[in-house]
Amino acid sequence: MFEQLGLIGCGLMGGSFALAMKRAGLVKRVVGYSKSPSTTERARQMGVIDVEAPSALLAVSGADIVLLAVPVSATEATLKAIRHLVTPNMLVMDVGSTKRDVVDAARRVLRDNVGSFVPAHPIAGKEVSGVEHADPDLYLGKQVILTPIERTQVGHLKRAQEAWEALGCHVVQMAPEAHDAAFAAVSHLPHLISFALMHGIVNQESGKEFLGLAGPGFRDFTRIAASDPKMWRDVLIANRHELVEQAKIFQRSLHNLLQLAEDSSGEKLEAMIEQASSARAGWRMGKK
Ligand code: NAP
């Protein structure tokens with residue numbers, strides 16, 4: 001399907017995409033670039049990429065598909081670095097967890113060639129980062145959200161959708177704004193709360209002791225608190241406006257639950273828990 005993948009950011013997400021594309025026979029050659037030469041070298045040693053590029057621009061040279069798998073805060077600089085080699089025939093995608101900032105950067109930087117860019121967010125990942133954890137199965141059975149804009153070329157959108165589907169993904173399309181609002185609620189706020197909970201516990205006198213007593217509920221609830229700090233710093237800042245809106249809604253629910261507990265208002269407290277419990281029991285990943 002593709003001759004050459006130009007991979008910028010040979011970490012968990014980018015490395016997994018390269019491995020999956022190769023395994024599916026969707027690409028003949030992968031040329032990769034990462035900020036640290038040691039990462040790029042490791043990616044080649046692991047067979048994630050075939051050729052090491054000394055710059056982002058050279059990773060793009062000769063590619064018919066390009067994937068940006070860098071922190072969202074590095075998207076604009078990366079697009080600036082490659083823009084001279086982006087052509088109308090080249091499919092350029094990203095995997096960033098936020099989409100409005102990425103789309104705004106693409107509009108500003110790619111200008112007439114913005115139609116080549118198909119913004120993507122695979123709903124897949126791990127708490128660990130780095131090429132060492134790249135996994136060709138990472139995307140299998142997962143959702144991928146594409147957030148095209150009015151200037152996105154229909155042909156590129158179709159090719160992007162076909163590529164993700166060929167990797168075993170279920171593709172959904174939505175506007176970048178709708179994406180950021182939804183993921184503030186179901187991803188960014190839960191991470192923030194998980195970080196806050198851990199932070200609050202470890203910074204109290206008996207925190208260590210409490211942690212020693214914690215069980216599986218705590219383990220499940222805080223799994224995401226072990227995520228990559230730099231990546232999450234970027235995501236929380238990039239989507240801060242939607243995050244604040246969702247945090248306000250959460251604060252109201254938290255306040256109401258606490259108030260009912262404080263007032264020993266058992267019936268009402270149970271009713272609120274019942275609503276949450278049945279909503280969670282009926283929830284299935286990827287289903288409305
Ligand atoms: P990662 O494993 O840390 O990989 C990021 C890679 O980007 C690293 O190889 C890093 O190189 C490289 N990099 C950083 N700045 C760069 C720059 N300016 N130019 C070129 N390369 C650069 O992180 P990841 O988990 O793959 O995350 C990548 C993207 O995927 C992020 O935008 C994130 O929002 C998104 N995402 C992540 C998840 C998840 O669960 N992890 C899920 C969905 C989406 P060095 O090794 O040299 O530092």
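Order of appearance sets the numbers: ligands from 1, and atoms from 1 within every ligand. Keep in mind the model is a prediction, meaning the values are calculated, not measured. Heavy-atom basis, side chains included; hydrogens, waters and symmetry copies ignored.
- Within a 6.0 Å radius of CG in D263, more than 12 heavy atoms belonging to other residues, nucleotides or ligands are found.
- Within 4.0 Å of ligand 1, the residues that place a heavy atom are I8, G9, C10, G11, L12, M13, Y33, S34, K35, S36, T39, A69, V70, P71, V72, A74, V95, G96, S97, H121, P122, A124, G125, K126, S129, G130, M231, listed by chain and number.
- Using a cut-off of 4.0 Å between Lys/Arg side-chain N and Asp/Glu carboxylate O, E3 and R29 are scored as not salt-bridged.
- Listed by first and then second residue, the salt bridge (charged side-chain N to carboxylate O under 4.0 Å, His left out) pairs that reach into residues 8-27 are K22-D50, R23-D137, sequence neighbours excluded.
- Look at E162 and R159 and you find no salt bridge, because none of the NZ, NE, NH1 or NH2 atoms lies under 4.0 Å from a carboxylate O.
- For the atom pair CG (L146) and NZ (K99), the distance works out to 9.5 Å, reported to the nearest 0.5 Å.
- For the pair H121 and V95, the tightest heavy-atom approach, listed with the atom from each and the gap, is CD2-O, 4.1 Å.
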